[in-house]
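Structure, as structure tokens:
Within every chain, numbering begins at 1; the chains are lettered A, B, ... in the order of the sequence lines, protein sequences first and strands thereafter. Given the structure is predicted, the values throughout are model-derived calculations rather than measurements.
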Amino acid sequence: METERLDTYRSNMFIEVSVELSGAQILVQSLKDEGVEYIFGYPGGAVLHLYDAIFQQDAVKHILVRHEQGATHAADGYARATGKPGVVLVTSGPGATNAVTGIATAYMDSIPMVIISGQVPSPVIGSDAFQEVDMVGITRPCVKHNFLVKDVTKLAETVKKAFYVATTGRPGPVVVDIPKDITDPHIKVPYKYPKKVSMRSYHPAVNGDKEQIKKAVGLLLAAQKPVIYSGGGVVLGEASKELTEFSQLLGFPITNTLMGLGAYPATDKQFIGMLGMHGTYEANMAMHESDLIIAIGARFDDRVTGKLDMFCPYAKIIHIDIDPASISKTVKVDVPIVGEVKNVLEQMIDLLKDHKAKPQKKPLEAWWRQIDQWRSLQCLEFDRESPLIKPQFVIEQLYAVTKGDAYVTSDVGQHQMWAAQYYKFDKPRRWINSGGLGTMGFGLPAAIGVKLAFPDAEVACVTGEASIQMCIQELSTALQYKTPIKIINLNNRYMGMVRQWQEFTYESRYSHSYMDTIPEFVKLAEAYGHVGMRVERPEDVREVLEAAFALKDRTVFVDIITDRTENVYPMIEAGKGHHDMKLRVATGTSTDRELA
Amino acid sequence: MRHIISILIENEAGALSRVAGLFSARGYNIESLNVAITEDPSLSRMTLVTRGNEQIVEQIVKQLNKLIDVVKLVDLAESPHIERELMMVKIKTTSHTRTEIRSLTEIFRGKVLDVTATTYVVEMTGPSEKLDAFVAAIDPDTIIEVVRSGPTGISRGENGLCL
Ligand SMILES: Cc1cc2nc3c(=O)[nH]c(=O)nc-3n(C[C@H](O)[C@H](O)[C@H](O)COP(=O)(O)OP(=O)(O)OC[C@H]3O[C@@H](n4cnc5c(N)ncnc54)[C@H](O)[C@@H]3O)c2cc1C
Ligand SMILES: Cc1ncc(C[n+]2csc(CCOP(=O)(O)OP(=O)(O)O)c2C)c(N)n1
Ligand SMILES: [Mg+2]
């Protein structure tokens, strides 16, 4: 009897006619019909019916993490690397709340994700039942949308809507909260996964307004000191090719936000580096002096603009964004264009090609001369003679060893900025980090998600000794699913980013930015079944990195003891404008500096 | 400036909290908010009065539009419109004050809804300023309670906020 049921169920899972399924089966089958490869999850009471349905099929693979935060970051990493939505499954109550940090992380960076959370049975909702938490309420401010499923006959449609909302327009996480009774294996209803859904209240913009685009092209052709400032929207909108063609057609300098890195090849001569708080001297100076900024899929974040009333004082601003709410939110723009970046850029490229006129040749040459002068300051140079390992040097070596072709995830702190500054990303979706929320603990689970998506690619997680401890338990997941990643721990024995701010603004009072006891990471890695390596001298860095990457099928934890006094430069301190950067002191090594 | 934002929103559980949550999370102020079902039971109509400079109100409108449950919205203050608010006031009365309150109610085109030996309940609809004026005309010591719906509004002419 049991086996018979199982067999019918199994065959039901793979035929397309309308069949009767339980809510649990409907969910799993909907995910399969949606083309979902992986679910990142963790079981519990409210989702047991779902886990039972997952057990009885193998089309959708479940990745068991060690903490629900890990599930969300792994799904997020998978989404950032592939462009496909990441899928998470957690139980009610603590499972759901543990997922919130990861949901907010995805929300801030506009990452498509669908989070299925279990809920207590419908009849007891609102009674403070065991492991009840108002997930729809808790996540409301950090999701693109959320649903509470109240009727099993609407489940498939709701799942479809969730994927539709998560992946279209400005992407984002969508929570589907499912009370346990909805997944009851004994209640079966006809199943049909909708091919398409439309929602009368949701119509994401597609094409930009033609007149606005014409106006923008006119401004571009007339500009004397133009800058292209592009962001994560180009990555999200798969418009890297168009951005590159557009920029090269115009010959303008281009800078990327932290989230936009890789959308334009960093090794190209038109690329002037990242902008903003830890952006290059040339990028920030160019922004400051510019007479025309075209912002493409970027949202004028405060880490980018610095003090608002000093932001780009001489420039007219064109802004392409799919989300009208991103436009003129903090910085008033002159030519807003709402639309898919890919389409808008295509329209602009067509217009530019039709146009007889070319960009202003003479002024543009003079502008480039100016920019090259700023460049010649070499703001990213660092002390290469130091007897200590410089973190910047490690990233340069990582770049060399991986031939610039790895997927690099990171945590949050100084190491994140160095990875962004010194690893030259030539392709989109290679640089995977939490920018908007700045979530420590992101890097390791994200790397697992990336490696699952691209098993043959090199995946490195650049981290710090503080960040890595926030989701270290996922080393266990990495072993279980054989996702050989390389963890590059820039171990400065400080919460370096915090220490840096304390050095600059609190007269080096290092309040709680230091831990007395840092684990022996080599042993820790070994305890989790991985390989640990430790490097203490600059001359060993290259060799150890090569050894680590040579171990193709092992996760390797490379613990690199770096100069603990090193700071991230350039830096625009709070309340300053782009032209007011703190640069590395030209002479003397930073190791000479005294630590309190 | 004062803005009256009229919103057509899916009649779903939680839709109201999305709007209210948006205002508190982003620090926008709400002067009043009312919501009720429309002739189409799947839609609610919400009227929200807020104040802010042009840039803030532009953001409010964009952020509201971004909510998935919001179908359509309009800032009524931008074009000719009619605004009405409902008020009920419970007033302590004595034999001396009754006539005066009744005539005041008549002048304001209100109605006395309920009478007891010691109280009147007066109902009044109109633009908010008219209701303010009525309340101001009554001796504050005699007011037991004031209940106001907050304004609702509708545009003049053929255009309407509908699907
Ligand atoms: C320690 C630390 C330091 C940082 N320092 C810096 C720094 O120095 N410089 C820096 O740049 N950042 C820095 N950040 C990151 C910063 O906080 C922001 O996350 C980042 O600047 C935002 O990038 P973005 O503007 O590209 O926007 P994103 O968050 O990537 O947003 C993308 C934008 O594109 C739009 N969009 C999405 N899809 C499409 C589409 N298909 N078509 C059109 N538009 C679309 C969205 O609506 C949105 O407006 C730092 C973060 C941390 C944690
Ligand atoms: C979850 C979380 N808590 C706190 C912070 C604040 N914070 C930002 S960077 C940082 C220190 C990170 O230290 P480490 O991982 O060692 O990196 P380093 O800066 O030393 O490279 C802290 C505490 C954060 N971003 N995320
Ligand atoms: Mg550190």
Side-chain angles (χ1 to χ4, degrees), chain A residues 104 107 110 122 125-126 134-151 154 158 161-162 164-166 168-177 179 197-205 299-300 308 319 321-333 336 338, chain B residues 1 3 5-28 30 33 35 37-46 48 50 52-75 78 160-163:
Chain A
Y107 178 70
S110 307
S122 317
I125 288 182
D134 174 13
M135 184 60 166
V136 167
I138 280 187
T139 58
R140 200 197 318 109
C142 60
V143 291
K144 184 168 171 189
H145 195 55
N146 54 23
F147 297 94
L148 173 66
V149 181
K150 289 180 173 160
D151 177 354
K154 301 257 170 66
T158 307
K161 278 185 183 168
Y164 172 59
V165 171
T168 51
R170 179 177 183 168
V174 175
V175 166
V176 183
D177 200 30
V197 278
S198 68
M199 293 163 75
R200 63 181 173 187
S201 57
Y202 177 65
H203 308 282
R299 59 183 173 83
F300 296 84
L308 278 175
H319 188 187
D321 203 292
I322 199 160
D323 178 5
S326 274
I327 293 177
S328 294
K329 181 168 68 179
T330 53
V331 173
K332 184 107 187 111
V333 306
V338 177
Chain B
M1 224 190 101
H3 294 260
I5 300 174
S6 203
I7 307 166
L8 212 53
I9 189 165
E10 295 287 353
N11 181 18
E12 301 262 356
L16 174 63
S17 65
R18 288 183 209 279
V19 173
L22 173 74
F23 274 71
S24 62
R26 293 189 183 266
Y28 306 142
I30 301 187
L33 171 70
V35 52
I37 203 162
T38 64
E39 80 287 3
D40 174 348
S42 69
L43 288 172
S44 298
R45 173 102 171 215
M46 201 180 267
L48 194 154
T50 182
N53 63 32
E54 198 191 322
Q55 199 201 345
I56 290 175
V57 173
E58 187 183 320
Q59 262 300 307
I60 291 178
V61 166
K62 286 173 170 177
Q63 293 292 347
L64 282 169
N65 261 318
K66 201 169 146 176
L67 294 177
I68 307 288
D69 282 339
V70 169
V71 182
K72 264 186 183 175
L73 64 84
V74 63
D75 183 352
E78 279 178 349
L161 186 64
C162 47
L163 284 182

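- The neighbour count for B:K66 NZ, taken as heavy atoms of other residues, nucleotides or ligands under 6.0 Å away, is above 12.
- Put simply, of A:K144, A:K332, A:K329, the one with the most heavy-atom pairs under 4.5 Å next to chain B is A:K329.
- Top candidate by heavy-atom pairs under 4.5 Å with chain A, chosen from B:L43, B:I56, B:L67, is B:L43.
- Nearest heavy-atom pair across B:G21 and A:R140 is CA-NH1, 3.9 Å.
- Looking at A:L148, there are no atoms closer than 4.5 Å to chain B (heavy atoms on both sides), in backbone or side chain.
- With respect to chain A, the highest number of heavy-atom pairs below 4.5 Å among B:K72, B:Q55, B:K62, B:Q63 belongs to B:K62.
- At a 4.5 Å heavy-atom cutoff, the contact between B:E58 and chain A is made by side-chain atoms alone.
- Both the backbone and the side chain of B:S42 come within contact range of chain A, with heavy atoms under 4.5 Å apart.
- Rounding to the nearest 0.5 Å places CZ of A:F147 at 8.5 Å from CD of B:E12.
- With a 4.5 angstrom heavy-atom cutoff, B:L163 touches chain A only via side-chain atoms.
- Here the side chains of B:D69 and A:H145 are in contact, with some heavy-atom distance below 4.5 Å.
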Output, in order, the C-alpha distance, side-chain angles, deciding distance and verdict of side-chain contact (heavy atoms from CB on, under 4.5 Å) for A:N146 and B:R18.
CA-CA 10 Å; A:N146 54 23; B:R18 288 183 209 279; 2.9 Å; yes
